[in-house]
> 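This is the structure I have questions about; it appears just below.
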There are 2 protein chains.
Amino acid sequence: MDQVEIFKALSNKTRLQILTWLKEPAENFPEQPNADFENVGVCVGQIQIKAGLSQSTISEYLSILQRADLVCATRVGQWTYYKRNKEGLEKLTQIINSEL
Amino acid sequence: MDQVEIFKALSNKTRLQILTWLKEPAENFPEQPNADFENVGVCVGQIQIKAGLSQSTISEYLSILQRADLVCATRVGQWTYYKRNKEGLEKLTQIINSEL
DNA sequence: AATATATATCGACTTTTCCCGATATGCCAA
DNA sequence: TTGGCATATCGGGAAAAGTCGATATATATT
């Protein structure tokens, strides 16, 4: 993954917020009946409601974050759950500390 | 400084390169007769030559990086020298580690 | 004061990003 | 197998970023 793409993914207010929300799912989203926040994350619909942007925009934003290895997705039935990608975020810290 | 602006400043190939060059000025720029890399940094002209973009573009890029607290500038005579802003970069690492 | 040099700012044009509504796809239930 | 959700993808219009050349400003030299 290109470093520039990682920073581009982070250079949008809504996408940054999504990442902060996903750091503390239980504080930021209502209970999910069928899925555990820790295991699979939060479904697109909940993120969309919280962000207040259109469904298509949020779907796109999540895939931008995913391409940058900042979140990871799990499909369960008709839902896609997104959660923080710990490894990707650690790698980002390393890039900043070692290259910039 | 808004977090988004920091990431925007970093989401450009040339600006990222400038930061990596400024991490090791002696490896990336020719000797400067009148100024010490460690003290004041590298002058705009040298950065411009290395980047291969126009003078106006590089001047603008450096001020974007400065507004994001990623570099700091020192005017000495007719030259402006830019160097890495260690504190700003450390703050960025902290933001990522504590909020994302 | 006039000139030369380094950097900053301005105006313009092109490319990219933001964000939407409409539509397609995948999955489940009746 | 048809209908109903959840999500993804597509096409587009508006706003922002990328980049340039021209010009302005600041400083130094003569």
Side-chain angles (χ1 to χ4, degrees), chain A residues 2-19 22 29-35 37 40-68 70-83, chain B residues 2-19 22 29-35 37 40-68 70-83:
Chain A
D2 184 12
Q3 292 177 197
V4 176
E5 294 304 313
I6 300 173
F7 290 116
K8 277 188 187 169
L10 292 168
S11 58
N12 172 282
K13 181 155 149 292
T14 303
R15 289 194 299 264
L16 268 185
Q17 284 181 320
I18 291 172
L19 278 181
L22 291 181
F29 299 97
E31 287 259 0
Q32 291 183 134
N34 302 315
F37 286 140
V40 293
V42 183
C43 73
V44 179
Q46 289 304 317
I47 298 171
Q48 192 237 314
I49 290 167
K50 177 115 182 168
L53 294 179
S54 73
Q55 189 273 319
S56 55
T57 296
I58 297 306
S59 177
E60 161 118 45
Y61 281 8
L62 287 166
S63 79
I64 289 171
L65 290 170
Q66 187 184 16
R67 277 199 298 280
L70 296 168
V71 301
C72 43
T74 314
R75 181 113 203 188
V76 179
Q78 47 195 153
W79 292 273
T80 308
Y81 296 91
Y82 284 91
K83 69 174 177 186
Chain B
D2 183 11
Q3 291 179 197
V4 176
E5 293 303 314
I6 300 173
F7 289 117
K8 277 188 186 169
L10 292 168
S11 60
N12 171 282
K13 182 156 148 290
T14 302
R15 288 195 297 266
L16 268 185
Q17 283 182 318
I18 290 171
L19 278 181
L22 291 181
F29 298 97
E31 286 258 2
Q32 290 182 135
N34 302 314
F37 286 139
V40 292
V42 183
C43 73
V44 179
Q46 288 303 317
I47 298 170
Q48 191 236 314
I49 290 167
K50 178 116 181 166
L53 294 179
S54 74
Q55 189 272 319
S56 55
T57 297
I58 297 305
S59 177
E60 161 115 44
Y61 280 8
L62 287 166
S63 80
I64 290 170
L65 290 170
Q66 187 184 17
R67 277 199 298 278
L70 296 168
V71 301
C72 41
T74 314
R75 180 114 202 189
V76 179
Q78 48 196 154
W79 291 274
T80 308
Y81 297 92
Y82 284 90
K83 69 174 179 187

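Atom set for the values below is all heavy atoms of this structure, side chains included, hydrogens, waters and symmetry mates excluded. Every chain is numbered from 1 and lettered A, B, ... according to where its sequence line falls, protein lines coming before strand lines.
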> In whole angstrom, what separates A/Ile49's CD1 from D/dT7's C1'?
14 Å

> If the cut-off is 4.0 Å, is A/Tyr61 near the phosphate of D/dT7, judged by side-chain N/O to OP1 or OP2?
no

> Between the side chain of B/Arg15 and the main-chain N/O of B/Leu10, is any donor-acceptor distance below 3.5 Å?
no

> Would you say a side-chain N or O of A/Arg15 is under 4.0 Å from OP1 or OP2 of C/dC18?
yes

> Could you tell me the separation between the CD atom of A/Glu60 and the P atom of C/dT16, rounded to a whole number of Å?
15 Å

> Give the rounded distance in Å between these two atoms: CD1 of B/Ile58 and P of D/dA17.
17 Å

> Would you find a donor on one side and an acceptor on the other, under 3.5 Å apart, between the side chain of A/Gln48 and the backbone of A/Leu53?
yes

> Would you say that A/Ile47 contacts A/Phe29 through its side chain, given a criterion of any heavy-atom pair below 4.5 Å between the two side chains?
yes

> Once you round it to whole Å, what is the distance between P of D/dA6 and CD of A/Gln48?
11 Å

> Please tabulate, one pair per line, each protein N/O and nucleotide N/O from nucleotides 22-28 of chain D that are separated by under 3.5 Å, including the distance.
none

> So, do A/Gln3 and B/Leu16 sit near enough that their side-chain heavy atoms are less than 4.5 Å apart?
yes

> Side chains of B/Ser59 and B/Ser56: do they bring a donor and an acceptor to under 3.5 Å?
no

> Rounded to whole Å, how long is the line connecting atom OH of B/Tyr81 with atom C1' of C/dA8?
17 Å

> For the pair made of NZ in A/Lys8 and C1' in D/dA16, what is the distance, rounded to whole Å?
13 Å

> Between D/dC20 and B/Thr57, is there an OP1 or OP2 to side-chain N/O distance shorter than 4.0 Å?
yes

> Expressed in angstrom and rounded to an integer, what is the separation of A/Ile64 atom CD1 from D/dT7 atom P?
18 Å

> On the nucleotide D/dA8, are OP1 or OP2 found under 4.0 Å from the side-chain N or O atoms that A/Tyr82 carries?
yes

> If you find the nucleotide of DNA chain C closest to B/Val44 and the one closest to A/Ser11, which residue's nucleotide is nearer the 5' end?
B/Val44

> Between A/Asn12 and C/dC19, does any side-chain N or O lie under 4.0 Å from OP1 or OP2?
yes

> Report yes or no: does B/Arg75 contribute a side-chain atom to a donor-acceptor pair with the main-chain N or O of B/Gly77 at less than 3.5 Å?
yes

> Return the value, rounded to whole Å, for the distance between atom CG of B/Leu10 and atom P of D/dG18.
12 Å

> Show the nearest heavy-atom pair for residues A/Gly41 and A/Tyr81, with the distance to one decimal.
O-CD2, 3.7 Å

